[in-house]
There are 2 protein chains.
Amino acid sequence: MGSKQSPDSRQSHSTRQRQAVLHSTRSSPLFRSTQEIHTELRSAGESVGLATVYRHLQSLAGEGVLDTLQTKKGELLYRCCRSDGHHHHLVCEHCGRTTEIDGEEIEAWIEQAAIRHGYTNVSHTFEMFGLCDACRRGSAKG
Amino acid sequence: MGSKQSPDSRQSHSTRQRQAVLHSTRSSPLFRSTQEIHTELRSAGESVGLATVYRHLQSLAGEGVLDTLQTKKGELLYRCCRSDGHHHHLVCEHCGRTTEIDGEEIEAWIEQAAIRHGYTNVSHTFEMFGLCDACRRGSAKG
DNA sequence: GTTACTGCAAAAACTTTGCATTATT
DNA sequence: AATAATGCAAAGTTTTTGCAGTAAC
């Protein structure tokens, strides 16, 4: 179970653009959209095409080099992977800071629930959003 | 905690179009996209504009009348609510059938995890995808 | 009669694709 | 030199918006 086929990762040459994209994701602890990363690269003086950024982010995510996160509105965001195993994110909606959460308990729960309902080959999406401690203190609430 | 402000739900008049949209979501056990629902309505002879379907689905979801589900690729799907409380979905990727899962355990786990990391006002996204029993039997696997 | 909804079509936002050019191995 | 990546711009998708007309209360 769970044998991952090698994703179709073209884009394996080590080009300046690929390095730039990778470096950009490593330079920020936040998950960011393709467009944001592209803008950042341009601002930093890197000349990279938007399509190229799209291609590399997809490729890198497919290879497991980057983590992806889907916002509630459906945007796909990218960030460098911090850990190997399967994990989830606790994202501060105010500052964007992310805490990785080991999902063992949840995985077990999911497995149970799936079996109980006769499902197999189960995958899932799971993200948590909230207000981190620092932001709670900083931003007074009405 | 968790006091929901009333969403800005305009579209409160009971019009033929609103009824049609609502009826359509009730006529199918599956989560469907706005475009799919619009197409279905048109096929059924209902004259409804696409923008109107978008507006009503958003409105109804905001009011809690419809459930939403986000696919892995970011599409937002709608279906009539089956239960009041907070719950999650186990979606068959083959036939689209959905099983609602009470999320009490998971809610508790999330609460714990959030507190442990100093987060407050936590919300989450969580969906499970798999192959249901019927489809597993039906579709032979390589 | 007033207010809100509808539909169209235009616009907006985002992502993918074709192809000639350029860089990498 | 051969092969793959790049960049641009065009095309493809999906969702939102403006506004005149229409329906609901």
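These figures come from a predicted structure and were not determined experimentally. Letters go in sequence order (proteins before strands), and every chain restarts at 1.
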Handout entry: Value in whole Å for how far the P atom of dC25(D) lies from CZ of R16(B)
Key = 14 Å

Exercise for the section: Could you tell me the separation between the NE2 atom of H13(B) and the P atom of dA24(D), rounded to a whole number of Å? Expected result: 10 Å

Handout entry: Sugar-phosphate only, base, or nothing, as touched by E75(B) at under 4.0 Å among non-hydrogen atoms
Key = nothing

Fill in the blank from the handout: Those residues at least two apart in sequence (or on a different chain) that pass side chain to side chain donor-acceptor pair (under 3.5 Å) with H124(B) are H86(B), H88(B)

Handout entry: Side-chain N,O (H56(A)) to OP1/OP2 (dA5(D)) below 4.0 Å
Key = no

Practice task
Note down the inter-axis angle between the two ends of the helix from dG1(C)-dC25(D) to dT25(C)-dA1(D), five pairs each, to the nearest 10°.
Solution key: 30°

Handout entry: Side-chain donor or acceptor of T39(A) paired with backbone N/O of Q35(A) under 3.5 Å
Key = yes

Handout entry: R16(B): partners by side chain to side chain donor-acceptor pair (under 3.5 Å), with sequence neighbours left out
Key = E46(B)

Practice task
To the nearest Å, give me how far apart NE2 (H38(B)) and C1' (dT16(D)) are.
Solution key: 15 Å

Handout entry: Whole-Å distance separating the CG atom of L57(A) from the C1' atom of dT15(C)
Key = 12 Å

Fill in the blank from the handout: Ranking dT15(D), dG7(C), dA4(D) by distance to the side chain of V48(B), first place goes to dG7(C)

Problem - For atom CD of Q35(B) and atom P of dT13(D), their distance in whole Å - result: 10 Å

Exercise for the section: Taking only the side-chain nitrogens and oxygens of T52(A), find out if one of them lies under 4.0 Å from OP1 or OP2 of dG7(D). Expected result: yes

Practice task
Kindly compute the distance separating CZ (F129(A)) from OG1 (T71(A)), expressed to the nearest 0.5 Å.
Solution key: 6.5 Å

Practice task
Would you name the heavy atoms of Y119(B) and V91(A) that are closest together and state the gap between them?
Solution key: CE2-C, 3.9 Å

Exercise for the section: With sequence neighbours left out, write down each residue that passes side chain to side chain donor-acceptor pair (under 3.5 Å) with S123(B), or none if nothing qualifies. Expected result: K72(A)

Exercise for the section: Give a yes or no on whether a salt bridge exists between R79(B) and E100(B), defined as a side-chain N under 4.0 angstrom from a carboxylate O. Expected result: yes

Handout entry: Integer-rounded Å distance: dT25(C) P and R18(A) CZ
Key = 12 Å

Exercise for the section: Not counting sequence neighbours, which residues clear side chain to side chain donor-acceptor pair (under 3.5 Å) with E40(B)? List them please. Expected result: S24(B), R32(B)

Fill in the blank from the handout: Heavy-atom contacts, protein to nucleotides 16-21 of chain C, under 4.0 Å, summarised as B (base), S (sugar-phosphate only) or - (none) per nt, yield BBB---

Exercise for the section: Ignoring backbone atoms, test whether Q17(B) places a side-chain nitrogen or oxygen under 4.0 Å from the OP1 or OP2 oxygen of dA23(D). Expected result: no

Practice task
Remember a base hit wins even if backbone is also touched, and classify S33(A) as base, sugar-phosphate or nothing at under 4.0 Å, heavy atoms.
Solution key: nothing

Handout entry: dA4(D) phosphate, OP1 or OP2, under 4.0 Å from T15(A) side-chain N/O
Key = no

Fill in the blank from the handout: Between CD of Q19(A) and P of dA5(D) the distance, given in whole Å, is 14 Å

Problem - Side-chain ion pair, K73(B) and E75(A), N-O less than 4.0 Å - result: no

Problem - Within 6.0 angstrom of R82(B) CZ, more than 12 heavy atoms from elsewhere - result: no

Exercise for the section: Would you kindly give the NZ-to-P distance between K73(B) and dT15(C), to the nearest whole Å? Expected result: 12 Å

